[in-house]
Amino acid sequence: MSTQSGAAVAAGGGMVRPVGIVTDIATVARRSVRSLLREPEAMAPALIIPTFFFIVNIGALESFVERSPGIDYRAFQIPVAIIFAVTGISRASVLVIDIQTGYLDRMLVTPVRRTTLLLGMMVADIVLALALSLVVVAMGFVAGVRFETGLLGILLFLGLAVAWSLAFTGFPYTVALRTGNPAAVNSSFLIFFPFAFLTPAYLPRELMTGWMQTVAAWNPVTYLLEGMRSLLSGGWQAAAIGKASAAIGGLALVTFVMAFRSLARRVATG
Amino acid sequence: MDGVDLGVNSGEIYGFLGPNGAGKSTTVRMLCTLLKPTAGQATVAGYDVVDRPGDVRIRIGVALQEAALDERQTGREILDLQARLYGLSAVDRAASIARAVDLADIGDAMDARIKTYSGGMRRRLDLAASLIHGPEVLFLDEPTTGLDPVSRAQVWDEVRRLNGELGVTVFLTTQYLEEADALADRVAIIDGGRIVEEGSPSELKRAVGADVIVVDLSPDAIAAAATVAETLPDVDAVTQGRRGVTIATADGAATVSSVAVALSGAGIHPQSLTVRTPSLDDVFLLATGYRMSAVDPAAGGGGAAPGSGSRAATPGSGGP
């Protein structure tokens, strides 16, 4: 098969220029953020669930837990609310529709860098995670929670939340790219439960049952919660922040390798 | 895919004609760098699709089947995104988008979400988007499938204009015989993953014979009628179909009477007997042994079914 280009007259006369990776990311991200802003209703569960649990957990457990000295249970619960808000959000549901409708193919016949199709969506994920985290932190302030580490601590706190959220997006993106099936993407939400609940979400680790303590010690969310809590009511603790960062980094390494491998496979076979 | 060997000349409209499942989309996906051929080689706009996909991508425009577009965006946003992916400067982008807006011709809907668009509007926007960067080669995968006649005519006009005025090479797949006949300078007929015929529509039709005689018969008489017809002088080829036989001949008017007499002598009474000039469906029938229009009810038009009338098929467009 061949088409000889020799005498071809390019209709556009050389308008096409090489595109840098940052521009590609910006282009894909522009579309993703725009569609995010057009469905604010999709943000509702991500805010209702953490708000609900925050109120219920405090109502049920605050006076009981605070019998142990040195625990501010509202501050203790704010990182939990953030984890509930930002874990599992992603644009994977859009990606899977792109695969099904063929819009992904429309993108793939352009010179766009393949990795930026995912990276651009992740920019929208960051925007959403940050917005949700800000709302939860504001809710904390309303409930009387204060950061012992001040403004810098708040920024680091938000940074950890967003980084965690992003690391977790690798799961739904992997499912979307491997299966191309919206139902499978929706089910990938289930992985949230062990990550969120096999942790010191309700009580500090030292108060938990033996087996649960063991499981929690292997759960990255445990270190994330403890790191975030240290910023609220422990002062600057390098070890806690370090472990939280390592937990996020470890998860991101695993999920990003899976997601970008799945992307490579998806775009290789069409 | 197996045994697809074709060459498309720069500046021509090449029609890839075949029924559903013949391998048309697979071929397009390979040429557009979406699918790696397991064997064989393909060059588009001078570049190998496997070794130099990036060079191919910036030179081609593609409108795939079903006009897949993101429903949450507006038409203008789709065009803008497309222009940015090809690295158009702000000035070029504005000009290209303005041109594409004209071309799509969907009025104020350009700034409405695509989910509100009709099928025809989506198709025109998709076509405009695929041209935003001024491609040398345009791939259209079944550009009019599912469109109403008015929208179909608009797409045809646009394809002719792009090819005629801008010199864009067009590779078009279709399951419509009349579409291939009306648009393509050259046609490849594909069936079961292979090319069974290739040439200009008029060449292909001439090869069938100057005329065809279509004999409509009851099913039990078909084989006998074919045997009778084959013995007649001036009959070039006889093909059995499900509803009768098709006879290719140099002079239909002269031969039809001897066909009628011979059949009558053999005790066979046709339901109808018509003479017409060959259609691409006759080419298809001769090459594959079955009629495309019989398999695929959607493919009517120029490839008239046997007995549907004596209207002559329109000759090929010839192109610029």
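Computed from heavy atoms alone, side chains included, the values below leave out hydrogens, waters and symmetry copies. Below, chain A is the first sequence line, B the second, and so on; all start at residue 1. Keep in mind that this is a model prediction, so the values were computed, not measured.
- Listed by chain and number, the residues in a side-chain hydrogen bond (donor to acceptor under 3.5 Å, both in side chains) with B:Gln82 amount to none (sequence neighbours excluded).
- Residue contact with chain A, scored on non-hydrogen atoms closer than 4.5 Å, involves the backbone and the side chain of B:Leu69 alike.
- Proximity to chain B is absent for every atom of A:Leu104, based on heavy atoms less than 4.5 angstrom apart.
- Interatomic distance, A:Arg106 CZ to B:Leu81 CG, rounded to the nearest 0.5 Å: 10.0 Å.
- The part of A:Glu39 that comes within reach of chain B is its side chain, from C-beta onward, which places non-hydrogen atoms under 4.5 angstrom from that chain.
- For the residue pair B:Ile78 and A:Tyr103, the shortest heavy atom distance occurs at CD1-OH, 3.6 Å.
- Proximity to chain A is absent for every atom of B:Ala83, based on heavy atoms less than 4.5 angstrom apart.
- Distance check: A:Leu36 CG to B:Arg72 CZ gives 9.5 Å after rounding to the nearest 0.5 Å.
- Using a 4.5 Å cut-off between heavy atoms, B:Asp126 contacts chain A through both its backbone and its side chain.
- The CG atom of A:Asp105 lies 6.0 Å from the CG atom of B:Leu64; values are rounded to the nearest 0.5 Å.
- With values rounded to the nearest 0.5 angstrom, B:Thr33 atom OG1 is found 8.0 Å from A:Leu108 atom CG.
- Contact record, A:Arg38 with B:Gln73: NH1-CA, 3.6 Å, taken as the closest heavy-atom pair.
- The stretch residues 186-195 of chain A places none of its residues near chain B, where near means some heavy atom under 4.5 Å from a heavy atom of that chain.
- When A:Val109, A:Asp24, A:Val16, A:Thr23 are each tested for a side-chain contact (heavy atoms from CB on, under 4.5 Å) with B:Leu85, only one passes: A:Asp24.
- In this structure, B:Glu71 CD and A:Thr101 OG1 are separated by 8.0 Å, a value rounded to the nearest 0.5 Å.
- If you measure heavy-atom distances from B:Ile132 to chain A, the contacts under 4.5 Å come from the backbone alone.
- Contact of B:Ser96 with chain A is made through the side chain alone, with heavy-atom distances under 4.5 Å.
- For the ring pair (Phe, Tyr, Trp, His ring centres under 6.0 Å) test, residues two or more places apart in sequence or in another chain that qualify with A:Phe157 are A:Phe147.
- When the heavy atoms of residues 160-177 of chain A are compared with those of chain B, none of the residues falls under 4.5 Å.
- Considering all non-hydrogen atoms of both residues, A:Pro111 and B:Tyr86 come closest at CD-CE2, 3.2 Å.
- Counting heavy-atom pairs under 4.5 Å between each of B:Arg59, B:Gln65, B:Arg113, B:Arg93 and chain A puts B:Arg113 at the top.
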